[in-house]
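Working notes for the structure below.
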Amino acid sequence: MLHLQKKELLSYTKHLHHTSREWVTFVHGAGGSSSIWYKQVREFKKHFNILLLDLRGHGNSKPNLKDAFSDKYTFDSITNDIVDVIDYERIGKSHFIGISLGTILIRNLAEKYPHRVESMVMGGAIMKLNFRSQVLMRLGIIFKSIVPYLWLYKFFAFVIMPNKNHKESRSLFVREAKKLYQKEFIRWFKLTSEINPLLRFFRSADIKIPTLYVMGEEDYLFLPTIKKIAHAHVVSDLFVVPECGHVVNIEQPYVFNKTVIEYLTGLK
């Protein structure tokens, strides 16, 4: 008799709505966890069924034994982790909300499984690494095996979120990053240092799935590119949050929640 090994799923939590059939799936960024959405859960579960995931090696999704001996992290394999969960929960289609690196995973999922994506909300979206961020990535690659990863993470967090009003976001991400293993951080770091071809493709290909970009006006590394993409792609909208940095859902939760819920309910 053939015994099929049960696939190990990401850790996740769900909140079911008593009448709505619509799903919203939240995807955090590198070094975070599903806990970064704590300012969203209360409002969103009033309107939708919600699914909160911990990506591979983050939060409660500990690396399994197979991963411990493998360095092969790809955007496709991490995207498939998400699809495994929505398959298991028999969610045919979902709205997807991502922050930072999570927006790349959502866009990749939409490319590979467009029939599963109702819409995309891209908070602090990363669609191009400018010269400064590419230099930082190269420095990180050079020092990643020498410098403790938490030093590197704190440095990157400060570069991406430098202002005084970004402090809460920085602190939250550093606190979550402390839960990562050094090897896990290096795997994710290698992954993020190889995204240029993927992002180039995403910028050029208009996927024609309703997309809302929610960007902080102080997100100086990534906002300029998103302005161009939102203008060029047919069903893309951009909302710029005043006096806000990269992690819009933490820094301006009221504005983020109101804007995104109005957008999603307006798609019906």
Side-chain angles (χ1 to χ4, degrees), residues 10 25-34 36-37 52-59 61 72-86 94-114 116-117 119-130 133-134 136-137 140-141 153 156-157 159-161 169 173 176-177 180 184-185 187-216 219 221-230 232-233 236 238 246-249:
L10 298 176
T25 301
F26 289 90
V27 183
H28 65 81
S33 77
S34 57
I36 70 150
W37 303 107
L52 300 131
L53 303 154
D54 284 337
L55 295 175
R56 190 185 296 197
H58 293 67
S61 293
K72 194 61 181 170
Y73 271 35
T74 65
F75 279 104
D76 284 353
S77 65
I78 295 167
T79 299
N80 287 335
D81 288 346
I82 300 170
V83 175
D84 288 342
V85 174
I86 62 174
S94 177
H95 302 283
F96 286 86
I97 300 177
I99 196 76
S100 196
L101 192 83
T103 62
I104 302 174
L105 296 171
I106 290 171
R107 182 65 171 78
N108 197 45
L109 194 153
E111 199 63 46
K112 300 193 170 304
Y113 308 97
R116 309 300 294 271
V117 181
S119 71
M120 300 183 287
V121 175
M122 315 286 247
I126 299 174
M127 284 290 145
K128 185 179 184 179
L129 297 180
N130 66 10
S133 49
Q134 289 191 54
L136 290 171
M137 282 292 181
I141 291 165
Y153 198 87
F156 282 114
V159 169
I160 294 170
M161 302 169 262
S169 303
F173 272 77
E176 286 300 317
L180 283 176
E184 200 70 19
F185 175 81
R187 286 187 186 125
W188 276 85
F189 196 86
K190 283 180 180 173
L191 182 73
T192 57
S193 67
E194 294 165 3
I195 60 179
N196 276 331
L198 189 65
L199 295 185
R200 198 175 302 120
F201 171 71
F202 288 165
R203 291 195 303 274
S204 64
D206 185 352
I207 201 167
K208 295 183 174 64
I209 288 174
T211 304
L212 174 66
Y213 294 97
V214 186
M215 306 292 292
D219 193 353
L221 280 182
F222 305 116
L223 178 58
T225 300
I226 300 303
K227 283 180 175 176
K228 292 176 186 173
I229 291 172
H233 291 184
S236 291
L238 169 62
H246 183 60
V247 191
V248 283
N249 65 304

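Heavy-atom basis, side chains included; hydrogens, waters and symmetry copies ignored.
Side-chain contact between Phe96 and Ile86: present, with at least one pair of heavy atoms (C-beta onward) separated by less than 4.5 Å. The closest side-chain heavy-atom distance from Val121 to Ile106 is not below 4.5 Å. Within the 4.5 Å cutoff, side-chain heavy atoms of Lys112 are placed close to those of Asp76. Contact check for Leu10 versus Asp54: no side-chain heavy atoms found under the 4.5 Å cut-off. You'll find the side chain of Trp37 stays beyond 4.5 Å of the side chain of Leu53, heavy atoms only.
Nearest heavy atoms, Ala110 versus Met120: CB-SD, 3.7 Å. In plain terms, the two heavy atoms of Ser61 and Leu55 that are nearest each other are CB-O, 3.4 Å. Residue Ser100 comes nearest to Ile126 through the heavy atom pair OG-CD1, 3.6 Å, listed as atom of the first residue, atom of the second, then distance. Here the shortest heavy-atom pairing between Ile78 and Arg56 reads N-NH2, 4.1 Å. Residues Pro114 and Glu111 come closest through the heavy atom pair CD-O, 3.8 Å. Taking every heavy atom of both residues into account, Ser33 and Gly59 meet most closely at CB-CA, 3.8 Å.
Qualifying side-chain hydrogen bond (donor to acceptor under 3.5 Å, both in side chains) partners for Thr211, counting only residues two or more places apart in sequence or in other chains: none. Scored by the salt bridge (charged side-chain N to carboxylate O under 4.0 Å, His left out) test, Lys227 finds no partners at all (sequence neighbours excluded). For Tyr213, there are no ring-ring contact (aromatic ring centres under 6.0 Å, His included) partners at least two apart in sequence or on another chain.
For the side-chain hydrogen bond (donor to acceptor under 3.5 Å, both in side chains) with Tyr113, the qualifying choice from Thr79, Asn80, Asn108 is Asn80, the only one to do so.
To the nearest 0.5 Å, the span separating CG on Leu109 from CD1 on Ile209 amounts to 9.0 Å. Rounded to the nearest 0.5 angstrom, Ile36 CD1 and His58 NE2 are separated by 10.5 Å. Note: Ile226 CD1 to Met215 CE = 5.0 Å, rounded to the nearest 0.5 Å.
A donor-acceptor pair shorter than 3.5 Å can be found between the side chains of His95 and Ser119.
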>> I'd like to know whether Leu101 forms a side-chain contact (heavy atoms from CB on, under 4.5 Å) with Ile104, so could you lay out the CA-CA distance, the side-chain angles of the two residues, the decisive distance to 0.1 Å, and finally the verdict.
In response: CA-CA 5 Å; Leu101 192 83; Ile104 302 174; 3.7 Å; yes
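Side-chain atoms of Ser94 come within 3.5 Å of backbone atoms of Thr25 as a donor-acceptor pair (strictly under, hydrogens ignored).
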